[in-house]
Each structure stands twice: as structure tokens, then as C-alpha cells.
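Both backbone and side-chain heavy atoms feed into the values below; hydrogens, waters and symmetry mates do not.
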Amino acid sequence: QVQLVESGGGLVQPGGSLRLSCATSGFTLDYYAIGWFRQAPGKEREGVSCIKNDDGSTYYADSVKGRFTISRDNAKNTVYLQMNSLKPEDTAVYYCAADAVVGYPLLAYEYDYWGQGTQVTVSS
């Protein structure tokens, strides 16, 4: 069955960097769009980034543009989110999600499959 497992979260200082991984199984990654989302306590789930399956195009929320980079390694069935210049407001649980067809890449309802999330805390 389809499975996504996030890893790489942790505690980092403001201005620091962290790389999240989304390991996938049960489907061919090349045929699926992968999105990263985050949710802080008491707040709605926010679309962070997406990499498409058709042309490999990428999308980012305005709040992370210039700081975060999404990439994929189809041979390893893994998608990465490189996070640089981290801010306290980046603190959240980060989720990866997958779907074969995504019209609006930063909207959570577009995705059928989800991981369990990994905690990212940015604090001094």
C-alpha cells in the first residue's frame, strides 16, 4: 500500500538549517506530485511547497520563498525539503503528501496520501 514517512525534524536555532526527508513506497514516485505542509498548534494546515510529477515544476508559499527548496530523488523514492534561514514562525509539524493529479499544489484537499509528520522547532 501507499506509505509516506517523514524524518529529519528536530530543534534548531533561528537562522539555522534543516533537511526533511519523505520516504515513499507503494507507488512510483515519478508519477506523483509531492507536497509539504505544516501545522502549528491552534492553526490551520498550511501548504509549504510542492514538486509536480508532470514537468517537475516547484511551488512555494510566500512565507518560505528564497529559504526552502524542494527536490526529489526518484531512484530512492524520496523527496526532500531543505530549510534554510529558519525562523521561530516555522515551528510546526511538517507533513508530506502525495497525489497523482494536483491542480492546486498548496491546497491540502488535493492530496490523497499523507505521512504522520515530523516536528520542527525553531528556538534559541
Please step through side-chain contact (heavy atoms from CB on, under 4.5 Å) for the pair Leu20 and Thr118, ending with a clear verdict.
-> CA-CA 8 Å; Leu20 305 183; Thr118 185; 4.0 Å; yes
For Glu46 and Ser63, what are the C-alpha separation, side-chain angles and deciding distance, and is it a side-chain hydrogen bond (donor to acceptor under 3.5 Å, both in side chains)?
-> CA-CA 10 Å; Glu46 174 190 16; Ser63 59; 3.3 Å; yes
Indicate if Tyr113 and Ile51 have the same hydrophobic cluster label, given that clusters are the connected sets of ILVMFWY residues with side-chain heavy-atom separations under 4.5 angstrom.
-> yes
To the nearest 0.5 angstrom, please state how far the CG atom of Leu18 sits from the CG atom of Leu81.
-> 9.0 Å
How far does OG of Ser49 sit from CE of Met83, to the nearest 0.5 angstrom?
-> 11.0 Å
Which atom of Ser124 lies closest to which atom of Pro14, heavy atoms considered | N-CD, 3.7 Å
Worked check of side-chain contact (heavy atoms from CB on, under 4.5 Å) between Asn84 and Phe68 = CA-CA 6 Å; Asn84 299 324; Phe68 291 11; over 6 Å; no
Enter the distance from Asp99:CG to Asn53:CG here, rounded to the nearest 0.5 Å.
-> 9.0 Å
Of all heavy-atom pairs linking Val79 and Ser71, the shortest is CG1-O, 3.2 Å
Do Lys65 and Asp62 meet the salt-bridge criterion of a basic N to acidic O distance under 4.0 Å?
-> yes
Is Val2 reachable from Leu29 through a run of hydrophobic residues whose side-chain heavy atoms are each under 4.5 Å from the next?
-> yes
Side chains of Tyr80 and Thr78: do they bring a donor and an acceptor to under 3.5 Å?
-> no
Between Gly47 and Ala61 the two heavy atoms that sit nearest each other are O-CB, 3.3 Å
Say whether, by atom type as modelled, one donor and one acceptor occur between the side chain of Arg72 and the main chain of Lys52 under 3.5 angstrom.
-> yes
Output, in order, the C-alpha distance, side-chain angles, deciding distance and verdict of side-chain contact (heavy atoms from CB on, under 4.5 Å) for Ile70 and Tyr60.
-> CA-CA 9 Å; Ile70 190 170; Tyr60 298 92; 3.4 Å; yes
Is it true that a side-chain atom of Glu6 and a backbone atom of Gly117 form a donor plus acceptor pair closer than 3.5 Å?
-> yes
Roughly how far, to the nearest 0.5 Å, is the CG atom of Asn77 from the SG atom of Cys22?
-> 10.5 Å
How about Phe37 and Tyr111: are their ring centroids closer than 6.0 Å?
-> yes
Approximate separation, where rounding is to 0.5 Å, of Thr91 OG1 and Glu89 CD = 8.5 Å
Look at the rings of Trp114 and Tyr95 and say which category their plane angle falls in: under 30° parallel, 30 to 60° tilted, over 60° perpendicular.
-> perpendicular
Look at Asp90 together with Arg38 and state whether they make a salt bridge at an N to O cut-off of under 4.0 Å.
-> yes
Given the rule that I, L, V, M, F, W and Y join up when any side-chain heavy atoms are under 4.5 Å apart, are Tyr31 and Ile34 in one cluster?
-> yes
For the atom pair OG (Ser21) and CG (Leu4), what is the distance rounded to the nearest 0.5 Å?
-> 12.5 Å
Do Leu106 and Val64 share a hydrophobic cluster, counting only Ile, Leu, Val, Met, Phe, Trp and Tyr and linking them when any side-chain heavy atoms are less than 4.5 Å apart?
-> no
Establish, for the pair Arg45 and Trp36, whether the NZ or CZ atom is under 6.0 angstrom from the six-membered ring centre and no further than 45 degrees off its axis.
-> no
Would you check if Gln13 and Ser123 make a side-chain contact, meaning some heavy-atom pair closer than 4.5 Å?
-> no
Tell me, yes or no, whether the heavy-atom count around Gln116 atom CD, taken from other residues, nucleotides or ligands under 6.0 Å, exceeds 12.
-> no
Say whether Asp30 and Thr28, considering side chains only, have a donor N or O and an acceptor N or O under 3.5 Å apart.
-> no
